[in-house]
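Quick one: this structure, given as structure tokens, is what I'll be asking you about.
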Amino acid sequence: MKRIYFLILSILFTSCIADIDEGENGIYLDLYNYTNESYDEVVFHIGAIVDNTTFITTDSIIGKFPIIPFKDALEENIRKDLNGDSYSITPIDESEEYWRFGWNPDYDKIRELSNEYTFKIVLYNKGIIVREATFLNQRKSFDNFIMGSTPEILIKSDSLFFQ
């Protein structure tokens, strides 16, 4: 009888560990649209910073949904920030695989080029780039690298922010 309890506890314990670890390795992206503009497509890039000023894309992910303005968003997708400003939230992907594992770019490709990396966002309407930003001032280092980040991209009328 003790063996059965031990076996059941072992199975439960190891299955819980697997579930905890799986989602912690990826990047989970949310886009916060403060504007009255919509965008057909978003491409989010990760890459190396070379020579302190040059961004080289090593991987990217294409958003699965259009980015809609907060005025047209479903009520459950509208939030207010600490200043009381409204915005809509659009996840980059809502598939079960994405929510379990996140986006997993190849970090070794970046490390081959540099110890520093950052992100770039490109917004499109009808296949034309309408806005883009490379976040060179918000660089990250592999010296203090943590797996499982959750960057937030703020789309404001006058700029794009990464936090």
Side-chain angles (χ1 to χ4, degrees), residues 15-16 18-49 54-111 113-114 116-142 145-163:
S15 66
C16 289
D19 286 343
I20 291 168
D21 290 340
E22 285 173 342
E24 292 181 359
N25 292 332
I27 296 173
Y28 298 90
L29 299 163
D30 283 330
L31 302 150
Y32 297 180
N33 188 2
Y34 284 82
T35 73
N36 288 323
E37 301 295 319
S38 61
Y39 304 95
D40 298 339
E41 185 177 71
V42 58
V43 180
F44 192 76
H45 302 259
I46 189 171
I49 299 174
T54 305
F55 175 78
I56 299 174
T57 296
T58 57
D59 208 344
S60 63
I61 184 171
I62 298 172
K64 303 288 186 198
F65 307 101
I67 300 170
I68 58 175
F70 69 85
K71 67 181 175 88
D72 297 332
L74 297 174
E75 190 172 326
E76 63 263 19
N77 292 337
I78 297 175
R79 305 284 189 280
K80 287 195 181 277
D81 64 17
L82 296 175
N83 297 324
D85 296 328
S86 296
Y87 60 91
S88 64
I89 298 176
T90 304
I92 200 97
D93 191 341
E94 285 188 336
S95 68
E96 182 179 334
E97 182 178 337
Y98 174 78
W99 286 114
R100 263 188 100 184
F101 303 107
W103 172 46
N104 290 285
D106 187 345
Y107 296 108
D108 290 334
K109 285 182 185 177
I110 300 169
R111 285 186 187 105
L113 300 171
S114 175
E116 293 184 312
Y117 66 98
T118 194
F119 302 99
K120 175 181 178 176
I121 185 171
V122 183
L123 302 171
Y124 295 85
N125 273 333
K126 299 178 182 165
I128 298 170
I129 295 174
V130 290
R131 296 181 75 182
E132 69 179 299
T134 303
F135 305 106
L136 286 173
N137 293 332
Q138 294 169 284
R139 60 188 67 207
K140 308 269 184 203
S141 171
F142 284 110
F145 180 71
I146 299 171
M147 296 291 281
S149 65
T150 308
E152 300 168 343
I153 305 298
L154 282 59
I155 303 167
K156 299 222 175 179
S157 58
D158 59 348
S159 57
L160 299 169
F161 295 97
F162 162 73
Q163 58 185 25

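Sequence positions, counted from 1, serve as the residue numbers for this chain.
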What distance do L31 atom CG and I68 atom CD1 have between them, rounded to the nearest 0.5 Å?
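It is 12.0 Å, given to the nearest 0.5 Å.
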
With rounding to the nearest 0.5 angstrom, report the CD1 to CZ distance, I89 to R79.
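Going from the CD1 atom of I89 to the CZ atom of R79 covers 4.0 Å.
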
For the residue pair Y87 and F70, is the inter-centroid distance of their aromatic rings smaller than 6.0 Å?
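No; F70 has its ring centre 6.0 Å or more from that of Y87.
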
Could you measure the distance from the CD atom of E116 to the OG atom of S141? Nearest 0.5 Å is fine.
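Between atom CD of E116 and atom OG of S141 there are 6.0 Å.
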
S95 backbone acceptor or donor facing D93 side chain under 3.5 Å:
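Yes.
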
Between S114 and A48 (side chain of the first, backbone of the second, donor and acceptor by atom type, cut-off under 3.5 Å), is there such a pair?
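No.
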
Euclidean distance, L160 CG relative to I121 CD1, rounded to 0.5 Å
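The CD1 atom of I121 sits 6.0 Å away from the CG atom of L160.
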
Apply side chain to side chain contact (heavy atoms under 4.5 Å, CB included) to K64 and Y98, showing your working.
CA-CA 11 Å; K64 303 288 186 198; Y98 174 78; over 6 Å; no

Taking every non-hydrogen atom, the tightest pair across D59 and N104
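Closest heavy-atom pair between D59 and N104: OD2-O, 4.4 Å.
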
Minimum heavy-atom separation for I67 and T90, please, with both atom names.
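Smallest interatomic distance, heavy atoms only, reads CA-OG1, 4.1 Å.
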
If I take atom CD1 from residue I46 and atom NZ from residue K140, how far apart are they, to the nearest 0.5 angstrom?
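It comes to 10.0 Å.
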
Identify every side-chain donor-acceptor pair in residues 124-137 under 3.5 Å, counting partners at least two apart or on other chains, and give the distances.
{"unit_1": "N125", "atom_1": "OD1", "unit_2": "D40", "atom_2": "N", "d": "2.9"}
{"unit_1": "N125", "atom_1": "ND2", "unit_2": "S38", "atom_2": "O", "d": "3.1"}
{"unit_1": "R131", "atom_1": "NH1", "unit_2": "Y39", "atom_2": "OH", "d": "3.3"}
{"unit_1": "R131", "atom_1": "NH1", "unit_2": "K156", "atom_2": "O", "d": "2.9"}
{"unit_1": "R131", "atom_1": "NH2", "unit_2": "K156", "atom_2": "O", "d": "2.7"}
{"unit_1": "R131", "atom_1": "NH2", "unit_2": "S159", "atom_2": "O", "d": "3.2"}
{"unit_1": "E132", "atom_1": "OE1", "unit_2": "K120", "atom_2": "NZ", "d": "3.3"}

What pair of heavy atoms forms the shortest contact from N33 to E37, and how long is it?
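In terms of heavy atoms, the two residues are closest at ND2-O, 2.9 Å.
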
Derivation of the side-chain hydrogen bond (donor to acceptor under 3.5 Å, both in side chains) call for D81 and Y32
CA-CA 10 Å; D81 64 17; Y32 297 180; over 6 Å; no

Name all pairs fulfilling the side chain to side chain donor-acceptor pair (under 3.5 Å) condition that reach into residues 66-77, sequence neighbours left out, sorted by first residue then second.
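Listed once each, the pairs would be none.
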
Return the minimal non-hydrogen interatomic distance between L29 and I27, and the atom names on each side.
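Heavy-atom minimum between the residues: CD2-CG2, 3.9 Å.
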
Test item: N36 side-chain N/O and P69 main-chain N/O as donor-acceptor pair under 3.5 Å:
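Not at all, since once roles are kept as given, no pair shorter than 3.5 Å links the two residues.
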
Holding to salt bridge (Lys or Arg N to Asp or Glu O under 4.0 Å), I want the full list of residues that pass it with D108, two or more places apart in sequence or in another chain.
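Partners of D108 by the salt bridge (Lys or Arg N to Asp or Glu O under 4.0 Å) criterion, ordered by chain and then number, come out as R111.
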
Which distance, rounded to the nearest 0.5 Å, do you find between the OG1 of T57 and the CZ of F44?
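Going from the OG1 atom of T57 to the CZ atom of F44 covers 11.0 Å.
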
